[in-house]
Amino acid sequence: MRSWWRDLTDLVLPAECGGCGRPRAVLCDRCRAALSGREPRRVRPAPEPRGLPPVHAAAPYADEVRAALLAHKERGALALARPLGEALAGAVRAGPGAPAARPRPGSRDGTGRAASTPVLLVPVPSARRAVRARGHDPARRIAYAAAGELRRSGVPAAVLAALRQRRPVADQSGLGSRQRLANVAGALAVAPGCARLLYRGRVVLVDDLMTTGATLAEAARAVTAAQGPPGPETEPAVLGREASSNSRPAFVYLGETWEGSEQRRTPPQAWSGAGRQPGRTVKEAGGTRAGGTPRVVCAAVVAASPDAFGIHRN
């Protein structure tokens, strides 16, 4: 009920810019340029935690970008999800192995497989108490917006909310890099029934913000540690179900979803299973090798600490 009320007020009340407070603008041109006006860049925290995959960020976490992220996360400015999702989609495209935009629908390569490997956006989960307090999961909401933006540009993409917290973690604010690593060590795991779904495409971990990289490194560890059932993995028979926020198995939702309102749109033909047959293995469908360990290709965030932009070791 709370999220429905926020969605309604976002539509009927005059908005103010989430970055600078200018009236009648969800995000003014100046703040939008600060968020998405530059090329996403590879970012690396110092010290860099072990196991951190390559991370790309759209903007430094400062000034208008910081204000917009906090407005969306803490003040429930839900209309900001779309511009934040657009920025995150740009960071996803900048990552290694990113598929080219706007492939021809239903096109095939020389082997008869789909020409573009689907992108699976796996959001870093928020603590349950934080979701209850805020009334929404900010990273997941932004991930859905990013998936929609990627699909509009012709990149097949879906959100798989596969990660869960195995144990409570302390508030990360005020903790140093080593303390954060200890705080989240072993805290995340892939939910039951989700490991097999990680083989369906190119896994990209997504979050709204990276500071020390400890949480993304833990998320990468949890995904790569997930073991699917032995033998060839077949594609799941149940499609179109939105990923759950509890301990039940999560499923990839192929249509565009706005969290809370559950509005759904038809997915593009290239991603909706055109040309695929039930029972085909993920390997045959062009995914990661069957029976192996899902590989985290990269991670993408809306923003990262400014210091992470200043380290050039690419």
Side-chain angles (χ1 to χ4, degrees), residues 53-54 56 85 88-89 91-103 105-109 111-124 140 143-163 190-191 193-206 219-220 222-224 226-229 232-243 249-257 267-300:
H56 285 75
L88 181 60
V92 172
R93 293 190 196 99
R102 300 206 177 279
S107 61
R108 293 286 190 268
D109 60 18
T111 65
R113 296 178 302 184
S116 183
T117 300
V119 176
L120 289 181
L121 304 184
V122 178
V124 174
R140 187 186 295 191
Y144 281 124
E149 174 63 20
L150 289 168
R151 288 193 297 271
R152 284 189 291 273
S153 69
V155 176
V159 175
L160 174 59
L163 291 172
V190 171
C194 289
R196 64 195 180 96
L197 301 181
L198 293 168
Y199 295 91
R200 295 192 59 203
R202 170 179 171 263
V203 175
V204 181
L205 297 171
V206 294
V223 169
T224 55
Q227 297 295 323
E233 274 293 317
T234 56
E235 294 185 279
V238 181
L239 298 177
R241 290 179 55 182
E242 184 179 349
F251 291 83
V252 181
Y253 179 64
L254 307 182
E256 184 172 351
T257 300
Q269 182 181 4
W271 175 236
S272 61
R276 289 186 292 180
Q277 299 175 0
R280 291 181 64 195
T281 66
V282 172
K283 183 176 181 180
E284 294 168 344
T288 309
R289 67 183 180 89
T293 300
R295 183 169 65 94
V296 178
V297 175
C298 62

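Along the sequence shown, the residues carry numbers beginning at 1. Bear in mind the structure is a predicted one, so any value in this text is a computation, not a measurement.
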Q: Closest approach of Ala226 and Val190, non-hydrogen atoms and distance?
A: CB-CG2, 3.7 Å

Q: If you take all heavy atoms of Ala145 and Arg152, which pair is closest and at what distance?
A: O-NH2, 4.3 Å

Q: Can you give me the closest heavy-atom contact between Pro96 and His56, atom names plus distance?
A: CD-CE1, 4.0 Å

Q: Can you tell me how far apart OG1 (Thr117) and CZ (Arg200) are? Round to the nearest 0.5 Å.
A: 12.5 Å

Q: If I compare all heavy atoms of Ala219 with all of Leu163, which pair ends up nearest, and what's the gap?
A: CB-CD1, 3.7 Å

Q: Which heavy atom of Leu205 sits nearest a heavy atom of Ala220, and at what distance?
A: CD1-N, 3.5 Å

Q: Ala143: which residues meet the side-chain contact (heavy atoms from CB on, under 4.5 Å) condition with it, sequence neighbours left out?
A: Pro123, Val159, Val206

Q: Taking the side chain as every heavy atom from C-beta outward, state whether Val92 and Val155 have any atom pair closer than 4.5 Å.
A: no

Q: Give a yes or no on whether the backbone of Ala157 and the side-chain of Arg151 come within a donor-acceptor separation of less than 3.5 Å.
A: yes

Q: Please find the pair of heavy atoms, one from Pro53 and one from Cys298, that lie closest to each other, and give the distance.
A: CB-CA, 4.2 Å

Q: Working to the nearest 0.5 Å, report the span between OG1 of Thr224 and CG of Leu198.
A: 10.5 Å

Q: So do Leu120 and Val204 actually touch side chain to side chain, heavy atoms under 4.5 Å?
A: no

